[in-house]
Amino acid sequence: VHRYTPHYERHLKHLRRRKFTLLELGIGGYKRKRRSGASLRMWRWFFPKATIVGLDIEDKSFVDRGRIHTYLGDQTDPEVLNRIIAERGVPLVVVDDGSHIPAHVRESFRILFPLLPDGGIYCIEDIQTSYWPAWGGQVDPKAEGTSMAMVKDLIDGLNLEEFLVEG
């Protein structure tokens with residue numbers, strides 16, 4: 001639906017033959033019970049040496065097979081995120097396809113991004129919810145507290161030396 005796969009291929013193909021951990025927040029498939037996990041299986045195919053880990057608020061252990069490991073928990077829970085890292089290793093790639101609620105996206109990023117190694121990649125899907133009040137977003141595109149505002153803050157941080165502000 002979102003046509004993400006060409007973008008993922010472009011930005012992640014250099015990792016195809018590497019051994020690493022990929023963590024996907026959100027496994028999906030809520031409308032079709034016991035039929036979720038398609039993206040985890042896609043990652044397993046695309047990265048033949050990677051450990052593929054999924055986290056979801058519903059039990060998706062039926063997807064566990066070989067290099068795919070699932071965890072039950074909330075994407076903002078530091079205990080479950082730290083347990084995943086302790087058991088499966090620090091991810092080189094994180095894909096946030098979880099709740100899409102800006103507060104959750106921001107909290108997961110706050111916890112996980114600092115742990116990523118140099119060259120790590122953090123992907124956030126469905127960031128359009130930043131503009132949807134029903135999802136915790138804001139109609140005003142300049143509103144604080146959204147996922148998009150977090151991205152802008154990060155880009156501002158990259159350009160801090162260019163600010164024409166005293167101090």
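Remember, predicted model here, so these are calculated numbers, not experimental data.
A distance of 12.0 Å separates OG1 of Thr21 from CD of Glu87, quoted to the nearest 0.5 Å. Note: Asp97 CG to Cys123 SG = 10.5 Å, rounded to the nearest 0.5 Å. One finds the NE2 atom of His69 at 4.0 Å from the CZ atom of Arg88 (value rounded to the nearest 0.5 Å). Between the OG1 atom in Thr129 and the NE2 atom in His100 there is a gap of 7.0 Å [rounded to 0.5 Å]. Atom OG1 of Thr146 is separated from atom CG of Asp140 by 9.0 Å, given to the nearest 0.5 angstrom. Here the straight-line distance linking atom CG of Asp77 with atom CD of Glu107 works out to 10.0 Å at 0.5 Å rounding.
Tracing side-chain contacts under 4.5 Å through hydrophobic residues (I, L, V, M, F, W, Y), one never reaches Leu72 starting from Val63; they form parts of separate clusters. Under a hydrophobic-cluster definition in which Ile, Leu, Val, Met, Phe, Trp and Tyr are linked whenever side-chain heavy atoms come within less than 4.5 Å, directly or via other members, Met42 and Leu12 are assigned to the same cluster. In the hydrophobic cluster analysis, where Ile, Leu, Val, Met, Phe, Trp and Tyr join through side-chain heavy atoms closer than 4.5 angstrom, Ile57 is grouped apart from Ile101.
In this pair, Phe47 and Phe20 present their aromatic rings perpendicular. The plane angle is above 60°, beyond the 30 to 60° band.
Residues Tyr8 and Phe46 place their aromatic rings such that the two centres sit no closer than 6.0 Å.
With Lys19 contributing its side chain and Thr51 its backbone, the two residues share no donor-acceptor pair below 3.5 Å.
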_Derivation and outcome, side chain to side chain contact (heavy atoms under 4.5 Å, CB included), residues Thr70 and Leu40_ = CA-CA 9 Å; Thr70 62; Leu40 297 180; 3.9 Å; yes

*Go through the steps to decide whether Ile121 and His11 satisfy the test side chain to side chain contact (heavy atoms under 4.5 Å, CB included), and finish with yes or no.*
CA-CA 9 Å; Ile121 299 172; His11 294 288; 5.6 Å; no

_side chain to side chain contact (heavy atoms under 4.5 Å, CB included) assessment of Val93 paired with Trp43_ = CA-CA 11 Å; Val93 176; Trp43 294 128; over 6 Å; no

_Working for side chain to side chain contact (heavy atoms under 4.5 Å, CB included), residues Ile52 and Glu24_ = CA-CA 8 Å; Ile52 309 302; Glu24 183 163 23; over 6 Å; no

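The closest side-chain donor-acceptor pair between His104 and Ser99 falls under 3.5 angstrom. Between the side chains of Ser130 and Gln138, no donor-acceptor pair of N or O atoms lies under 3.5 Å. Residues Ser108 and Asp96 bring no donor and acceptor atom of their side chains to less than 3.5 Å of each other.
Trp45 does not carry Arg67 over the face of its six-membered ring by the limits of under 6.0 Å from the centre and within 45° of the normal.
A 6.0 Å sphere centred on CZ of Arg65 holds no more than 12 heavy atoms belonging to other residues, nucleotides or ligands.
Residue Leu158 belongs to no hydrophobic cluster, having no ILVMFWY side-chain heavy atom closer than 4.5 Å to its own. Chaining together hydrophobic side chains whose heavy atoms lie under 4.5 Å apart places Ile84 alongside Leu23, Leu25, Val53, Leu55, Tyr71, Val80, Leu81, Ile85, Val90, Val94, Val105, Phe109, Ile111, Leu112, Phe113, Leu115, Leu116, Tyr122, Ile124, Met150, Leu154.
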